[in-house]
A.B. asks: 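Please see the structure below; I have some questions.
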Amino acid sequence: MRDRTKITWAALAVSAIALAACGGSSSSYRSQASSPTVSYSYQDDSGFEEVQEQADDYCDEEFDRDAVLLNREVEGERMEATFSCQ
């Protein structure tokens, strides 16, 4: 019975060391996760309301979340708005 106990304790010790080594050797980790995003192109400022509604619908249907504007940029002659589903 003693040999069996020693083997069990030895196995547990080796497992604990291996687990600690795996957890401590990583040099990278995720500090945060991004929400899903969606982008839309539109012609002018009057088109922004339409793409904002589209983004709201998309985020609500796909993720049950609200669309929050991340940025608006001019892309040549068009504009682009990117929303985060939060």
A.B. asks: How many angstroms lie between CZ in F83 and OH in Y40, if you round to the nearest 0.5 Å?
C.D. replies: 8.0 Å
A.B. asks: Can you give the donor-acceptor pairs under 3.5 Å from side chains of residues 41-56 to other protein atoms, not counting sequence neighbours?
C.D. replies:
residue: Y42; atom: OH; partner: R72; partner atom: NE; Å: 3.0
residue: Y42; atom: OH; partner: R72; partner atom: NH2; Å: 3.4
residue: Q43; atom: OE1; partner: R78; partner atom: NH1; Å: 2.1
residue: D44; atom: OD1; partner: S46; partner atom: N; Å: 3.2
residue: D44; atom: OD1; partner: S46; partner atom: OG; Å: 2.5
residue: D44; atom: OD1; partner: G47; partner atom: N; Å: 3.4
residue: D45; atom: OD1; partner: R72; partner atom: NH2; Å: 3.0
residue: D56; atom: OD1; partner: A67; partner atom: N; Å: 3.4

A.B. asks: Write down the atom of T82, the atom of S39, and the distance for their closest heavy-atom approach.
C.D. replies: OG1-OG, 2.8 Å
A.B. asks: Work out which heavy atom in R65 is nearest to a heavy atom in Q86; give both atom names and the distance.
C.D. replies: CB-O, 3.3 Å
A.B. asks: In this structure, would L69 and V38 fall into the same cluster of hydrophobic residues linked by side-chain contacts under 4.5 Å?
C.D. replies: yes
A.B. asks: Does E77 CD have over 12 foreign heavy atoms under 6.0 Å away?
C.D. replies: no
